[in-house]
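Read through the structure below, which is laid out as structure tokens, and then see the notes.
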Amino acid sequence: MSSNVRVRFAPSPTGPLHIGGVRTALYNYLFAKKHGGDFLLRIEDTDQTRFVPGAEQYIIEALAWCGISPDEGIGGETIGNGPYRQSERKSLYRKYVDQLLAVDKAYIAFDTSEELNTLRQMAKDAGATNWQYNYITRGNMKNSLTLPKEEVKAKIEAGASYVVRIKLPRDHEVRFEDTIRGWVSVNTNNMDDKVLYKADGMPTYHLANIVDDHLMGITHVIRGEEWLPSAPLHVMLYEAFGWERPVFAHLPLLLKPDGPGKLSKRDGDRLGFPVFPINWSNPETGETASGYRELGFFPSPFVNMLALLGWNPGTEQEVFNLQGLIEAFDLSKVSKSGAKFDFEKGKWFNQQYLRALSESELAVELKKALDKEGLSYNEAHLGKIATMMSERATFPQDLLAEGRYLFIPPATYDEKTRNKRWGKDSAGMLQDLAARFETIPDFTETNIEAAFKGYLAEKELGFGKVGPSFRLALTGRGLGPSMFTICEVLGKQEVLSRIAKAVEILG
Ligand code: GLU
């Protein structure tokens, strides 16, 4: 493929970006980078009634967190084809509407929304399918095709409100090849003369989208399946303008984990997982929704999980970083059918990522968790502790949750272990051990282990006789990582004081 690939992500700022939207942005980005092309971010805010303050900022922040950085447009280089916010391009669209009007590919319509609603209701009452403004009905409506030229002119001059509609030809087969879905074919007899330009002087999504894609030199339109029904209209618009159209690729839906249908926020609430990349708080309603970032996801496994929902590399490989995804990505391996969302699998990706971090990277994560809770620690031990705890962790906060007893002495002792493992001679044995520990000059894992084993050998005791009660005394738990490592990171004084406390409480 040539290297002049140009794709765009064109969200409408109507609320937080759903993870399905993030996946659309990601596929565009991967495709662009794979082919050495450009990824643009354009904000489609023509529908002022659905505008939500803060949504644009949210989109930018969410994409940045994922590592998806636009080459051009909002958040990227903005010279050349800007502005990239459609509301700021308002003055530009009228010219294109006039162009279509001049060649009879569009017409002016004065019908009010009340009149249209009445017609729709009448059709419905008569049992007809959806009433459409089309090649048949337009002949009976108030528009520039039915009214005399002078009347149209006079109405406009008098300030009458009007829209501009596309004039679709009768019985024309609209055909295009979608990269993912193959050939799509729709007859114009089944299509609506959609509004291109609204009474408020704003273009509709359809017009602005096509004009902008053309002016911005977009070569591939990669977007969600919900836009597939609009694609034939878009094809007709390209034809009406006489412009070359981009390649279309409509992505499969993200489905609920447990049934048919699109994954919604309600499913996330019901099943206990977020459907947004980062936390969202609606400044207008005060409503909040949780995000993957705040839950403890790292950007890389989050992106990895999304990439594999609807695409597969054609190999067994599952774990990818962003660069690996760019290299492996192929639009032709995107599936037609919807992808079932799987939160557990997402957690697995995070876990894989966490476990692959180096000791010092894990230490940084643990430190963040400790600082957040205001707990004190010995910096020198953090790497060791975090590595030890990473075995059981999915999220960075688990590094602390799983090893909290390394920072705070146990307040309680596991009941089951206590009943099974704490005997009448346990206290005495632990006190003997403590006495030996006291004499170790250099309190390291190896020396502690030697002292412990020496004690067992001398007293001819099996490990099971001392080990579990020793662990219970120090950690309050029945299971966990190596006791010798635990002792080293706790330090001699702490070990001795925990043994003393356990002996006092457990008797
Ligand atoms: N503004 C549309 C959206 O919100 C863009 C659809 C497209 O990519 O053409 O998804």
Side-chain angles (χ1 to χ4, degrees), residues 6-18 21-22 24-25 28-29 32 37-66 68-101 106 108 161-166 194-224 226-227 230 233-234 237-238 240-241 243 245-246 278 280 282-284:
R6 282 172 66 82
V7 295
R8 81 314 190 261
F9 179 53
S12 298
T14 54
L17 190 59
H18 184 274
V22 181
T24 300
N28 273 284
Y29 176 79
D38 297 323
F39 169 72
L40 284 77
L41 177 60
R42 181 173 77 221
I43 298 293
E44 301 207 324
D45 55 351
T46 51
D47 190 350
Q48 310 268 283
T49 60
R50 296 180 64 217
F51 179 82
V52 173
E56 179 184 314
Q57 202 40 50
Y58 178 94
I59 293 165
I60 294 168
E61 195 182 332
L63 294 184
W65 178 65
C66 293
I68 303 174
S69 48
D71 299 297
E72 195 180 310
I74 306 288
E77 189 76 48
T78 55
I79 39 163
N81 298 291
Y84 294 87
R85 216 172 266 115
Q86 287 182 331
S87 57
E88 292 168 14
R89 300 169 67 79
K90 193 175 160 187
S91 59
L92 180 148
Y93 303 107
R94 180 71 218 195
K95 173 173 131 197
Y96 293 95
V97 173
D98 289 339
Q99 193 176 318
L100 292 184
L101 285 169
I108 287 168
S161 144
Y162 68 89
V163 300
V164 178
R165 290 179 178 271
I166 186 166
K194 279 270 185 304
V195 173
L196 302 177
Y197 199 73
K198 295 181 280 192
D200 62 2
M202 278 294 245
T204 57
Y205 151 73
H206 302 292
L207 180 81
N209 187 268
I210 268 58
V211 167
D212 287 351
D213 280 350
H214 173 72
L215 295 178
M216 294 178 187
I218 299 303
T219 56
H220 296 72
V221 167
I222 304 169
R223 61 184 174 190
E226 63 273 29
W227 298 103
S230 303
L233 172 71
H234 296 174
L237 273 169
Y238 280 105
F241 281 117
W243 294 336
R245 66 168 185 253
I278 61 179
W280 160 255
N282 188 327
E284 279 190 330

Does any part of the side chain of [Y], heavy atoms only, come nearer than 4.5 Å to the side chain of [X], both counted from C-beta?
X: Glu44; Y: Ser12; result: yes
X: Leu233; Y: Ile210; result: no
X: Thr24; Y: Trp227; result: no

**Prompt:** Do any pairs count as a side chain to side chain donor-acceptor pair (under 3.5 Å) and have a residue in residues 196-205, sequence neighbours left out, and if so which ones?
**Reply:**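 Pairs touching residues 196-205 that pass the test: Tyr205-Arg223.
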Taking atom [atom1] of [X] and atom [atom2] of [Y], what is their separation to the nearest 0.5 Å?
X: Ser69; Y: Tyr29; atom1: OG; atom2: OH; value: 4.5 Å
X: Leu41; Y: Ile68; atom1: CG; atom2: CD1; value: 10.5 Å
X: Ile166; Y: Leu237; atom1: CD1; atom2: CG; value: 4.0 Å
X: Ile59; Y: Glu56; atom1: CD1; atom2: CD; value: 7.0 Å
X: Arg165; Y: Leu100; atom1: CZ; atom2: CG; value: 15.0 Å
X: Arg6; Y: Asn28; atom1: CZ; atom2: CG; value: 12.5 Å

Whether [X] side chain and [Y] backbone form a donor-acceptor pair below 3.5 Å:
X: Tyr58; Y: Ile278; answer: yes
X: Asp213; Y: Ile218; answer: no
X: Gln48; Y: Asp45; answer: yes

**Request:** Tell me, please, which residues at least two apart from Phe9 pass ring pair (Phe, Tyr, Trp, His ring centres under 6.0 Å).
**Result:** none
**Fill in**
Hits for ring pair (Phe, Tyr, Trp, His ring centres under 6.0 Å) against Tyr84, two or more places apart or cross-chain, chain-then-number order -> none
Listed by chain and number, what are the side-chain hydrogen bond (donor to acceptor under 3.5 Å, both in side chains) partners of [X], not counting sequence neighbours?
X: Glu61; answer: Arg293
X: Tyr96; answer: none
X: Arg245; answer: none
X: His18; answer: none

**Request:** Could you go through the side chain to side chain contact (heavy atoms under 4.5 Å, CB included) check for Asp38 and Arg8 one step at a time?
**Result:** CA-CA 8 Å; Asp38 297 323; Arg8 81 314 190 261; over 6 Å; no
Identify the two heavy atoms, one from [X] and one from [Y], that lie closest to each other, and give their separation to 0.1 Å.
X: Pro70; Y: Ile74; answer: CG-O, 3.4 Å
X: Pro203; Y: Thr46; answer: O-CB, 3.5 Å
X: Ala199; Y: Ser161; answer: CB-OG, 3.5 Å
X: Leu215; Y: Leu92; answer: CD1-CD2, 3.7 Å

Just jot down the salt bridge (Lys or Arg N to Asp or Glu O under 4.0 Å) partners of [X], sequence neighbours excluded, or say none.
X: Lys194; answer: Asp192
X: Asp212; answer: Arg42, Arg89
X: Glu88; answer: Arg85

**Request:** State which residues pass side-chain contact (heavy atoms from CB on, under 4.5 Å) with Asp98; sequence neighbours excluded, sorted by chain then number.
**Result:** Arg94, Leu101
